[in-house]
Every structure is written in structure tokens, then in C-alpha cells.
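Computed from a predicted structure; not experimentally measured.
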Amino acid sequence: MTTGSWTLAVLLGLFVYTALAVHVYRRHKQPGLAAVMFMAAFWTVLGAFAVITAKGGTPSAAFSYLESRTYPVLLNEAYAQTLAIYFAFLIIFLAILTLVKPWPTRDRVATVTAVREVLSYFPLILAVLVAMAGLALQFLIVQQLTGTIGTTSLYDAASNTSIPRAVLRLNNYLNLATSAVISVTTVAIVVRASKQGLRPNSILGIATAIAMIGAQYRINVVLGTRSATLILALSIIIGLAAYGWGLVQGSVSKRTRWILGILGLVALYLIGAIGLARTNSNYGAQSQSSIVSYLFNPAAILEELSGAGAEGELLPAHFSLYHVFNSGLNVGGLIPYWDSTYRAYASQLLLPADQGFTIHLVAGWWLVAGVLAPLLAALQLGGLIYLLLWIARRNLTLWSACWIFVATTWAMASVPVTSLRSGPEGLRGTLTAALLVPFVSTVVLWLIAFKRWQRASRVEPEVERASTRRADKSPAPVPTGQRSDS
């Protein structure tokens, strides 16, 4: 096959996938679904364009850092099989979502409106204090992790294998919990500001949200965690689209689309700065000036996003199924959800132990079940998204309000990030990171907000009835041109 034939085949597959994705979105009208479907294609097949472009001219050359640490990828039968299996997985995944019964528009709008009302009663001061506590604990742990790093890369220092795993796990959970609080608090601040207008309190709230996001981002830069920043940014954008400006209800202005687009570009820029921090050791020690220097180096960030950064996100998971086919790895003998498919993958390929690599969900399932992999992987990912859509349909109650918000915002951002780049055994971590941790960290705030909303809902009818009674007792208006007897 020529380079043009490879490109045409990928474009045709993407055209079919995009058409189905548009159909799925129109059925469900959930902003989070758009993010899920894009990221599914991003980590599964979009890396093909980089491979085809590079290998079309020099088939045997290693064009990426990842290939130099593993094995070269060739445009051969194994790669054709890889693309066919990946597209089969994507199509089956969308077919599963197509079979899910759509949510009636009236019910969806009613639930979204009610959640938005509850958000307007969110305990913002308490939420900010909780976020500040989480940020402070993370800062202390990060200071302990990094220490004095001199000219070492920030990412390398934070990824030191001598650091106890329990400490890293604690910091990871703190990062997730604090980010979830910051996400919902930011959306609540914007919802309240949209109701009140740009008053001093609204401006102060927005400034506080920006400060919290900035503090969490600074910690993420030190640790080099692009995925945590992506989930935080994407959950906020989805939350604003769903509850801040009514995108779910289908009434969104051109200005709102511009705002959401700009927020997305800002998030991408910030993620590029983290990529620069974790790959560039020239900035030296962990200091405020060095971290700021990443942000004010747009040329380097754009180069990172178009070069090493793009390859670092597009290619690792994309390559994994090819290596399974091309290297003839053993299939079967692994217990799904229990055995580590990544460990089997890395050990059979003899991957370097000093670096972590990535296995795609389909590649992990192939090591377990062979040709059933695209179906089983699609069922796992589709089942997770079905669970989120099911939660979103629950009647709004004291306990369901938090679940509904988490399922439609944070989990929609987290599920593709955590599940597509791990084997079947990653399901436990996905459920923990996408649902359990954000629910536990924000449920008390939601309980307070719901109780406040309930009290306000009971008071308003009473005020309205009292006003009606007073109006009934007032004297009738005097017709024009007549005098009152009094």
C-alpha cells in the first residue's frame, strides 16, 4: 500500500466514526459524551497519521523517542491489522451507545435546571476552605517528594522510584479529591455569577476560582501530571457547558461557544507547559521563576505540543496493539481484571525498566481473549459510559445530586483518560478515580447545598401565597374618571 492508500483508509474510518459520533451526541445531548468520543479516537487511531507520514518516506527509521526505546513500527500487515481492530473497537463502542435509550428532552432539561439551582446554593466559603486544605497537604507532600533537585528535571525528581508507593498513592488521591472540589466550586461560582451578574462578590468568586486552579496547576507542573490537569480542565469545561450556560438544553449563544473554545485552548497551552517541564531539564531547580518561565515561552510550548508532546500522547497506546501482533506475544492465560496485562506486555517485549510505557485497552484485552478483544474492550468502555448516563437520569434527591453532577462532568472527563490507556485491570482504578473519590470529597458540600435549596424552595411559595393574600385584601382599584367613596 502507498502512503496515500494508508491515509485514505484512516480518513474513511474516521469519517464513519465521526458520523456515528454525531448521531450518538444528538440522541443523548450530553456535552461530556463529545469529550469521551473525541478522546477515544485520539488515543486509539489519530496516531496513525504521524506513523504514516513518517514511515511513508523512510519505513525503517525510528521517527519518535518511543520507538528508540522500544521497537520500530512498520507499515506492514501487522499495522493494517492493528488499524482494523482499533476501528472495529470504536464502531462497536458507538453502536453500544446508540442502543442506549435517549433521555426525554423534558426530563433532561428539568434535571439540568434543578441541579443548576442547587449549585446556586453551594457553600462556596466551605468549599474554598476544603480546597485550600487539600492544596496545602499536597504542597507539603510535594516538597517532601522533590527536595533539592538542582538541575534535575522536575518530572524525573518527582518520579523517583525510591519514593514509597504509599506516599505517591496518598498524593494521587489528594490530587484527585482536591481537583474535584475545585472543579465543582468553579462551576458553582460561575452559575451564581451568571444569576447575579458581575457584582463585586461575583468578581471575587471568579478570582478565587482562578487562584485555586492556578495553585493546583503549579503542583501538577512540579509533578509533571498532564493527565490530572487534563481531567481538571475538561471537567470544568464540561460542567460550564452543561450547567453554566445551558448547552444541554440546546440554547447556547455564539459568544458561549467562543468562551468554551478559548478555555479549551488555554487548557491545551497549560498542558503543553507541563510537557515542557517534564522533558526539559534546563530550567533547573523547583522555583516560582522556573515554573513561570514555562508559561511565558509560547514558542517552546507550541513546539512541544506539535512535537514530543503530541507523540507522547498519541503514540504509546496506539503502538501497543501493533507490538502485540508484530512480536507475536502470547495470548491467553491471564485472568481479566486481576492479572496485570501491562506487566505481561512489558515483560514479553523486554521493555526498559527505567521508564513506564502504555498499553491500550484493546491490546490488554487481546492478551486475555484474542480476537474477542475489540468486543470486550468496547463493552467495558461502553458499559462505563452507560453507567454514567444511567446515573444522570436519576431523580434529583438529597443523595443523588452529587452523583448526577459527578457522572455528567468529572467522570466523563476521567473515564477515557484512565481506562483507554490501561488493560482490563484498570477498571478498578477508573471507578475509584472517576466516581468514588470525587463523590466522597464533594458529597458533604452537595448535601448542604441541597438542604439550602430545599429550604429556599419552601419559603418562596409561602412568600408568594402571602403576597397573594395581601393583594386579595387590598381595595379594588378605582376606575378612571371616578372618585373613591373614601
**Student:** Please check if the side chain of Thr53 supplies one atom and the backbone of Ala50 the other of a donor-acceptor pair under 3.5 Å.
**Tutor:** no
**Student:** Does the structure place the NZ or CZ of Arg394 under 6.0 Å from the centre of the six-membered ring of Trp403, at an angle of no more than 45° from the ring's axis?
**Tutor:** no
**Student:** Could you pull out the closest heavy-atom pair between Leu234 and Ala413, with the gap in Å?
**Tutor:** CB-CB, 3.8 Å
**Student:** Evaluate side chain to side chain contact (heavy atoms under 4.5 Å, CB included) for Gln216 paired with Ser183, printing each intermediate quantity in order.
**Tutor:** CA-CA 11 Å; Gln216 184 62 65; Ser183 175; over 6 Å; no
**Student:** Less than 6.0 Å separating the ring centroids of Trp399 and Phe450?
**Tutor:** no
**Student:** Please evaluate residues Phe89 and Val45 with respect to the criterion side chain to side chain contact (heavy atoms under 4.5 Å, CB included), reporting the C-alpha separation (whole Å), side-chain torsions for both, the decisive distance (0.1 Å), and the verdict.
**Tutor:** CA-CA 11 Å; Phe89 155 71; Val45 295; over 6 Å; no
**Student:** How close do Ala378 and Ile96 get, counting heavy atoms only, and between which atoms?
**Tutor:** O-CD1, 3.4 Å
**Student:** Check the angle between the aromatic planes of Tyr79 and Trp6 and answer parallel, tilted or perpendicular using the 30° and 60° thresholds.
**Tutor:** tilted
**Student:** Looking at CG of Leu204 and CG of Leu124, how far apart are the two atoms once the value is rounded to the nearest 0.5 Å?
**Tutor:** 10.0 Å
**Student:** Could you measure the distance from the CG atom of Leu75 to the OG atom of Ser5? Nearest 0.5 Å is fine.
**Tutor:** 11.0 Å
**Student:** Say you draw a straight line from OG1 of Thr409 to CD of Gln30; how long is it, rounded to the nearest 0.5 Å?
**Tutor:** 10.0 Å
**Student:** Ignoring hydrogens and angles, state whether a donor on the side chain of Thr408 or Tyr243 is under 3.5 Å from an acceptor on the partner side chain.
**Tutor:** yes
**Student:** With under 30° as parallel and over 60° as perpendicular, where do the rings of Trp365 and Tyr337 fit, or are they tilted in between?
**Tutor:** perpendicular
**Student:** Answer yes or no: is there a side-chain heavy-atom contact under 4.5 Å between Val331 and Val368?
**Tutor:** no
**Student:** If the test is side-chain contact (heavy atoms from CB on, under 4.5 Å), which one of Val191, Val184, Ile189, Val190 qualifies with Val187?
**Tutor:** Val191
**Student:** I'd like to know whether NZ of Lys451 has more than 12 heavy-atom contacts from other residues, nucleotides or ligands below 6.0 angstrom.
**Tutor:** no
**Student:** What about the rings of Trp410 and Phe405, do their centers lie closer together than 6.0 Å?
**Tutor:** no
**Student:** Taking C-beta and beyond as the side chain, do Leu367 and Asn330 meet within less than 4.5 Å on heavy atoms?
**Tutor:** no
**Student:** For residues Trp43 and Arg421, determine if any side-chain heavy atom of one lies less than 4.5 Å from a side-chain heavy atom of the other.
**Tutor:** yes
**Student:** A side-chain contact here means heavy atoms from C-beta on lying under 4.5 Å apart; do Phe325 and Thr82 qualify?
**Tutor:** yes
**Student:** Run Leu349 and Ser327 through side chain to side chain contact (heavy atoms under 4.5 Å, CB included) and show every step you take.
**Tutor:** CA-CA 8 Å; Leu349 283 177; Ser327 301; 3.4 Å; yes
**Student:** Taking the side chain as every heavy atom from C-beta outward, state whether Thr229 and Val221 have any pair of such atoms under 4.5 Å apart.
**Tutor:** no
**Student:** Whether Arg455 engages the ring of Trp453 as a cation-pi pair (distance to the six-membered ring centre under 6.0 angstrom, angle to the ring normal within 45°) should be assessed.
**Tutor:** no
**Student:** Show the nearest heavy-atom pair for residues Arg192 and Phe122, with the distance to one decimal.
**Tutor:** NH2-O, 2.9 Å
**Student:** Using a 4.5 Å cut-off on heavy atoms from C-beta on, say whether the side chain of Val16 contacts that of Phe87.
**Tutor:** no
**Student:** For Arg108 and Thr113, test the side chains for any donor-to-acceptor distance below 3.5 angstrom and give the result as yes or no.
**Tutor:** no
**Student:** Can you tell me how far apart NE2 (His23) and CG (Leu94) are? Round to the nearest 0.5 Å.
**Tutor:** 10.0 Å
**Student:** How are the rings of His323 and Tyr345 set to each other: parallel, tilted or perpendicular (split at 30° and 60°)?
**Tutor:** tilted
**Student:** Say whether Thr341 and Glu425, considering side chains only, have a donor N or O and an acceptor N or O under 3.5 Å apart.
**Tutor:** yes
**Student:** Between atom OH of Tyr17 and atom CZ of Phe93, what is the distance when rounded to the nearest 0.5 Å?
**Tutor:** 6.0 Å
**Student:** Quick check against the 3.5 Å criterion: does Asn175 have a side-chain atom that pairs as donor or acceptor with the backbone of Asn171?
**Tutor:** no
**Student:** At their closest point, which heavy atom of Ile359 faces which heavy atom of Gly423, and how far apart are they?
**Tutor:** CG2-N, 3.8 Å
**Student:** Do Leu420 and Val362 come within less than 4.5 Å of each other through their side chains, counting heavy atoms only?
**Tutor:** no
**Student:** Between His360 and Tyr86, what is the ring plane arrangement, given parallel below 30°, perpendicular above 60°, and tilted in between?
**Tutor:** tilted
**Student:** Would you say that Trp446 contacts Ile404 through its side chain, given a criterion of any heavy-atom pair below 4.5 Å between the two side chains?
**Tutor:** no
**Student:** Is it true that atom CD1 of Ile262 has more than 12 heavy atoms of other residues, nucleotides or ligands lying nearer than 6.0 Å?
**Tutor:** yes
**Student:** Show the nearest heavy-atom pair for residues Val51 and Phe319, with the distance to one decimal.
**Tutor:** CG2-CE2, 3.6 Å
**Student:** Check the pair Leu388 / Leu435 against side chain to side chain contact (heavy atoms under 4.5 Å, CB included), numbers first and verdict last.
**Tutor:** CA-CA 9 Å; Leu388 302 184; Leu435 287 172; 3.9 Å; yes
**Student:** Once you round to the nearest 0.5 Å, how far does CG of Leu376 lie from CG of Leu381?
**Tutor:** 13.0 Å
**Student:** Please identify which of these residues, Thr225, Leu270, Leu230, meets the side-chain contact (heavy atoms from CB on, under 4.5 Å) condition with Asn220.
**Tutor:** Thr225
**Student:** Can you establish whether the number of heavy atoms outside Tyr386 located under 6.0 Å from its atom OH is more than 12?
**Tutor:** no
**Student:** Quick one: does Arg27's side chain have a donor or acceptor within less than 3.5 Å of a partner on Thr98's backbone?
**Tutor:** yes
**Student:** Considering all heavy atoms of both residues, which atom of Thr418 and which atom of Ser422 are nearest to each other, and what is their separation?
**Tutor:** O-OG, 3.1 Å
**Student:** Which residues satisfy the side chain to side chain contact (heavy atoms under 4.5 Å, CB included) test with Ala177, sequence neighbours excluded?
**Tutor:** Val437, Ser441
**Student:** With Val415 as reference, evaluate Ile231, Ile385, Leu431, Val36 under the side-chain contact (heavy atoms from CB on, under 4.5 Å) test and give the passing residue.
**Tutor:** Ile385
**Student:** Take Glu117 and Arg452 through the salt bridge (Lys or Arg N to Asp or Glu O under 4.0 Å) test and state the conclusion after the steps.
**Tutor:** CA-CA 10 Å; Glu117 289 299 318; Arg452 288 180 175 180; over 6 Å; no
